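In this text the structure is predicted, and so the values were computed from the model without any measurement. Only heavy atoms go into these numbers, but all of them, side chains included; no hydrogens, no water, no symmetry mates. Protein chains get the first letters and strands the later ones, always in sequence-line order, with residue 1 at the start of each.
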Amino acid sequence: MNETSDAGAAGMDFIRQRVRADLASGRYDGRVVTRFPPEPNGYLHVGHATGICLNFGIAAEFGGRCHLRFDDTNPEKENEEFARSIQEDVRWLGFDWGEHLYYASDYFERMYECAVTLIRKGLAYVDSQPLEAIREGRGTVNEPGRLSPYRDRGVEENLDLFRRMREGEFGDGAHVLRGRIDMGHPNMLMRDPVLYRIRHASHYRQGDAWCIYPLYDYAHCLEDAFEAVTHSICTIEFENNREVYDWVLESVGFGEPRPHQHEWAGLDLENAVLSKRAIGPLVQAGVVSGWDDPRLATISGYRRRGIPPEAIRLFAKIVGVTRSGARTEEAKLDFAIREVLNAEAPRVMAVLDPLKLVITNWPEGAEEELEAPYFPPDVGREGSRVVPFGRELWIERSDFAEHPPEGFRRLVPGGEVRLRHAYVVRCDEVVHDELGEVAELRCTYDARTRSGTSPDGRKVKGTIHWVAAGHARDAEVRLFAPLLLSEEEAAEARDADAPLGASVADEAAVSLLSRVNPASLTVVRTAKVEPSVASDDPATRYQFERNGYFWRDPVDGRGEALVFNRIVGLKSGYDGARAAEPAGADRPAADRHRKAPRDSQPSSGSGPGARPQLGDARIRARAEDPALARRFELYTGELGLPEEQADLLTGTPAAGDFFEAALAVHDDAATVAGWVVSDVRGVLDGRGISELPFDGAALGRLVALVAAGSVSRRAGKDVLARMAAEGGDPAELVEAMGLASVSDADELAAIVDGVLARWPDKVREYREGRPQLVGLFVGEVMKATRGAADPQVVRTLLSQRLDS
RNA sequence: UGGCCCGUCGUCUAAUGGCAGGACACCGGUCUUUGGAACCGGUAGUGGUGGUUCGAAUCCACCCGGGCCAACCA
């Protein structure tokens, strides 16, 4: 157990842990500043919503602030409407940026000055190659790029050209400003990235003030730095951009403490189209009614559908924050919605697919007003409304079956059922129309069974909802199903989303449109709703009992028009509940997994007796360098190391040097090799072995200490970690960290007894057959001694006490 | 001659060398005037092979699988 770790960090996502660590180390002087930086080129979707929850959530939890910043550096795609809708969406989700609303376009002048700085430092140049030449010159992932013929222009010439670019002297594409980094860099983005381009286009905020515009990699990090952002959180596809981010900031002169970028995977949600590039065409083609169509996963679509913002925030919490690309099941969103609505939504009755039920023993023209609570007892909320009851009622067609399937608990010929909040009725007669369809049910009611009374304790197997025919209000109900037909095809759409020319993007849009589910929207015009809803606040979210959660469409369902959206269905414990839905209200198709099935692993090259697998790069290195090859022979021969270890020690001269330096101090090849190939490599953290703040000799001294029993191997690893972080002499560190080995049996016995006394339950479990719990006991003893105990001795002591 | 990142129950996620845990979903049961909710219980996982270690999901190597990168988009 790392002594600096803290139980408070457990369960915290890796970004929050990082923020916490930065706070603890004082890196940013106690400041936490995050930002949500959308480009105003479309409407926000639920993926953005999780990002908003992350950024604003961190700011709130750590006493910092979160900026809303429009990353509006591309005049051709952005507009005011999008900027307006984004602010509305963020606010609706429940977050507040205070006075921290910013626009990248307000920084253009400062960014220009930074570019001049870069030019003066010789770190940027004006490239006058045409676009195609720049593209070709960048090389490929397998080949280095070529230097631009303009790369070595003088500072003065660059300055002059850049100034004239700004002044509008050149047409689009005549020149660009590029960072002068490395055309052979393995990271393509570092191959002299384009910083500025000429674009004679009107910007929605800046008008024609500028004709050069900065590109993302240059602009974004500067925006963060200008605003003193501490943690710049973005999604994983920007991972490769981080290197440029750091280069620009360091090159311009923003030293520590400066903003740092952290990437997380972002949301991928089953059955949702989560890309502005994909949503846009659906809107433009009229497949959906607009960016706020309830079938869309846009925030405005969710809002219109009726999903409460609390549910989206809960969903974000459920999904979590990691770096692993994962697709979340729609069921989790549904759960979050139901969780919120179950506690809040008043229950009322609505019949979507009505079937007439006549109570023959109810006096003609007689009516009764029933008082019905809005909430079931378990919700614990007050409130009720009056529900009229009469001779003729509407019930759900699917709540009756002439030939009931097994397990059917509703109305059948000759059977009884309770009408919710009212009476028990018996079906005496089924009336058919000329087509043979059930047209009407003729029933009798039992006056003694009025809701709240139970004269003879009689139980009826089913309860169904209903609406009195004479008082029912006609309503339109809209049911939603996934917009796209299948997961696989959606996956293709994602592939087609890759960077491509405009014509191909259009093809992608076309193929997207071809996968639209024709049944994604079901409009039910026959619905009957109890009259109380007509006078409620139109923004009320209801549970239509046994049908799901609904609310009035905020666009089409206002005024007199009773138009309801189904926010989400109820969880159903009965498959046949599907039959309750009018045809066309498809459920999502059976789950399909995005992850490819893991094929059985080829067994060749592994398994007992198999040849060790050596690294190609190291084999090549030895082929080119006879000195390395000789070392390999020496290590496997005279020193008797396994090939795999020898391989790792002879990939570079530095590795072998390090190993041999350690060996000179402690002459045990097998042990030293183990430390070097396994433990030392584990603390490199991206560094080369020669960049470590300690040398091979220091490792040798540490290994010697462990071998001598002065320090446990476990504690030795802690010492190594400290050495990797800040250097130092092993013996002194052992002293300073208080890790001198404790192997005195009496001393350890007392600690062991103490641990066992603290965990009586676990001791019992161990004796009852959970041997793996020994790890817990050893771990506790190690913790108590800060890793200094000799684990062999501890195990022996434990065994004496537990296994006797 | 590629570089970087990611693989834990069906799904999402926790465990930061020491008990593989939670949630969703699913399956039982209790309760119920919603086939809802609630409550109780259950099934189920560290991609593979080696190595280091008293001890590996965690460290090392190789393999397998997935993602990102060659816009003058963000």
>> I want to verify a distance call: between B:U52, B:A74, B:C69, whose nearest atom is closest to the A:D71 side chain?
In response: B:A74
>> Mind checking if A:E136 touches a base, just sugar-phosphate, or nothing, with heavy atoms under 4.0 Å?
In response: nothing
> What does A:R713 touch in the nucleic acid at a heavy-atom separation under 4.0 angstrom: a base, only the sugar-phosphate, or nothing?
Replying inline: sugar-phosphate
> For B:U11, which nucleotide in any strand shown is its Watson-Crick or wobble partner with both distances under 3.5 Å?
Replying inline: B:A23
> Looking at RNA chain B, which of residues 341-351 of chain A put a heavy atom within less than 4.0 Å of it?
Replying inline: A:N342, A:R347
> Which sits closer to the 5' end of RNA chain B, A:L776 or A:I236, going by the nucleotide each is nearest to?
Replying inline: A:I236
> Parallel, tilted or perpendicular for A:Y196 and A:Y218, by the 30°/60° rule?
Replying inline: tilted
>> Only pairs with both distances under 3.5 Å count, Watson-Crick or wobble alike; so what is the partner of B:A57 in this structure?
In response: none
> Using a distance-only test with no angle check, is there a side-chain donor-acceptor pair under 3.5 angstrom linking A:D127 and A:Q129?
Replying inline: yes
>> Less than 4.0 angstrom from a charged side-chain N to a carboxylate O is my criterion; do A:D718 and A:R714 meet it?
In response: yes
>> Can you measure A:E330 atom CD to B:G10 atom P for me and round it to whole angstrom units?
In response: 21 Å
> Is a donor-acceptor contact shorter than 3.5 angstrom present between the side chain of A:T322 and the base of B:U13?
Replying inline: no
>> By the 4.0 Å heavy-atom rule, please label A:V194 as base, sugar-phosphate, or nothing.
In response: sugar-phosphate
>> Under 4.0 Å, counting only non-hydrogen atoms across every strand here, what does A:N187 touch: a base, just sugar-phosphate, or nothing?
In response: nothing
>> Does A:E644 contact B:G51 through a side-chain donor or acceptor facing the base, at a distance under 3.5 Å?
In response: no
> Just how far, in rounded Å, is C1' of B:C5 from CD of A:Q261?
Replying inline: 13 Å
> Nearest-Å distance, CZ (A:R338) to P (B:G36)?
Replying inline: 11 Å
>> At 4.0 Å (heavy atoms only), tell me whether A:F238 reaches a base, stays on the sugar-phosphate, or touches nothing.
In response: base
>> On the side chain of A:Q543, is there an atom forming a donor-acceptor pair with the base of B:U34 - under 3.5 Å, no angle test?
In response: yes
> Less than 4.5 Å apart, any side-chain heavy atom of A:V676 and any of A:I689?
Replying inline: yes
>> Suppose we call a contact any N or O donor and acceptor under 3.5 Å apart; does that hold for the side chain of A:R795 and the base of B:C54?
In response: yes
>> What's A:G682 touching, base or sugar-phosphate or nothing? Going by heavy atoms closer than 4.0 Å.
In response: sugar-phosphate
> Under 4.0 Å between a side-chain N/O of A:K571 and OP1 or OP2 of B:C26, yes or no?
Replying inline: yes
> Between B:C72, B:A61, B:C24, which one does the side chain of A:F335 approach most closely?
Replying inline: B:C24
> Of the nucleotides B:G51, B:G36, B:C72, which has the atom closest to the A:L131 side chain?
Replying inline: B:C72
>> Base of B:G10, side chain of A:E329 - is there a donor-acceptor contact under 3.5 Å?
In response: yes
>> Any donor-acceptor pair, under 3.5 Å, between the side chain of A:K762 and the base of B:C19, if you only look at N and O atoms?
In response: yes
> For B:G28, what is the paired nucleotide under Watson-Crick or G-U wobble rules, both distances under 3.5 Å?
Replying inline: B:C40
> When all nucleic acid strands are considered with a 4.0 Å heavy-atom cut-off, which category describes A:H421: base, sugar-phosphate, or nothing?
Replying inline: base
> So what does A:Y549 hit on the nucleic acid, given a heavy-atom distance under 4.0 Å: a base, only sugar-phosphate, or nothing?
Replying inline: nothing
>> Any non-hydrogen side-chain atom of A:M190 less than 4.5 Å from a side-chain atom of A:D182?
In response: no
> Between the side chains of A:N241 and A:Q261, does any donor sit under 3.5 Å from an acceptor?
Replying inline: no
> Less than 3.5 Å between a donor and an acceptor, one on the side chain of A:R714 and one on the base of B:G17, is that the case here?
Replying inline: no
>> For a quick check, tell me whether the side chain of A:S678 and the base of B:G51 share a donor-acceptor pair closer than 3.5 Å.
In response: yes
> Under 4.0 angstrom, heavy atoms only, what part of the nucleic acid is A:L215 near: base, sugar-phosphate, or nothing?
Replying inline: sugar-phosphate
>> Using a distance-only criterion (donor-acceptor N/O pair, under 3.5 Å, no hydrogens), is the base of B:U34 paired with the side chain of A:R546?
In response: no
> Between A:E78 and A:K461, which has a closest nucleotide on RNA chain B that is more 5'?
Replying inline: A:K461
>> Pairing check on B:C62: which nucleotide meets the Watson-Crick or G-U wobble criteria with it, both distances under 3.5 Å?
In response: B:G48
>> Could you tell me how far apart A:R410 (CZ) and B:G35 (P) are, to the nearest whole angstrom?
In response: 7 Å
> Can you name the residues that form a salt bridge (Lys or Arg N to Asp or Glu O under 4.0 Å) with A:D679, not counting sequence neighbours?
Replying inline: A:R713, A:K717
>> Categorize A:K276 for me: base, sugar-phosphate, or nothing, with a 4.0 angstrom heavy-atom threshold over every strand shown.
In response: nothing
> Can you check whether A:Y216 and A:F238 have ring centres sitting under 6.0 Å from each other?
Replying inline: yes
>> Give me syn or anti for B:A57, where syn covers glycosidic angles within 90 degrees of 0.
In response: anti
> Would you say the side-chain atoms of A:S741 and A:S743 include a donor-acceptor pair closer than 3.5 Å?
Replying inline: no
> Quick one: is A:R135 getting a side-chain N or O under 4.0 Å of the B:A70 phosphate, OP1 or OP2?
Replying inline: no
>> I want to verify a distance call: between B:G35, B:G36, B:A74, whose nearest atom is closest to the A:T73 side chain?
In response: B:A74
> Once you round it to whole Å, what is the distance between P of B:C4 and CH2 of A:W264?
Replying inline: 25 Å
>> Is any side-chain heavy atom of A:D217 closer than 4.5 Å to one of A:Y245?
In response: no
> Does B:C62 have OP1 or OP2 sitting under 4.0 Å from an N or O in the side chain of A:R618?
Replying inline: yes
> Between A:Q772 and B:G18, does any side-chain N or O lie under 4.0 Å from OP1 or OP2?
Replying inline: no
> Touch check for A:L648, heavy atoms < 4.0 angstrom, all strands: base, sugar-phosphate only, or nothing?
Replying inline: sugar-phosphate
> Whole Å only: how far is the NZ atom of A:K783 from the P atom of B:C19?
Replying inline: 9 Å
>> What is the separation between atom CG on A:D761 and atom P on B:C19, rounded to the nearest whole Å?
In response: 17 Å
> At under 4.0 Å between heavy atoms, what does A:V176 touch on the DNA or RNA strands: base, sugar-phosphate, or nothing?
Replying inline: base
> Is a side-chain donor-acceptor pair under 3.5 Å present for A:E237 with A:T235?
Replying inline: yes
> What does A:P37 touch in the nucleic acid at a heavy-atom separation under 4.0 angstrom: a base, only the sugar-phosphate, or nothing?
Replying inline: nothing
> Phosphate oxygens OP1/OP2 of B:C24: is one of them under 4.0 Å from a side-chain N or O of A:T328?
Replying inline: no
> Paired with B:C4: which nucleotide, if any, by Watson-Crick or G-U wobble criteria at under 3.5 Å for both distances?
Replying inline: B:G67
>> Under a plain distance cut-off of 3.5 Å, with no hydrogens placed, do A:Q543 and A:E545 share a side-chain donor-acceptor pair?
In response: no
> What is the distance, rounded to the nearest whole Å, between atom CD of A:E243 and atom P of B:G2?
Replying inline: 18 Å
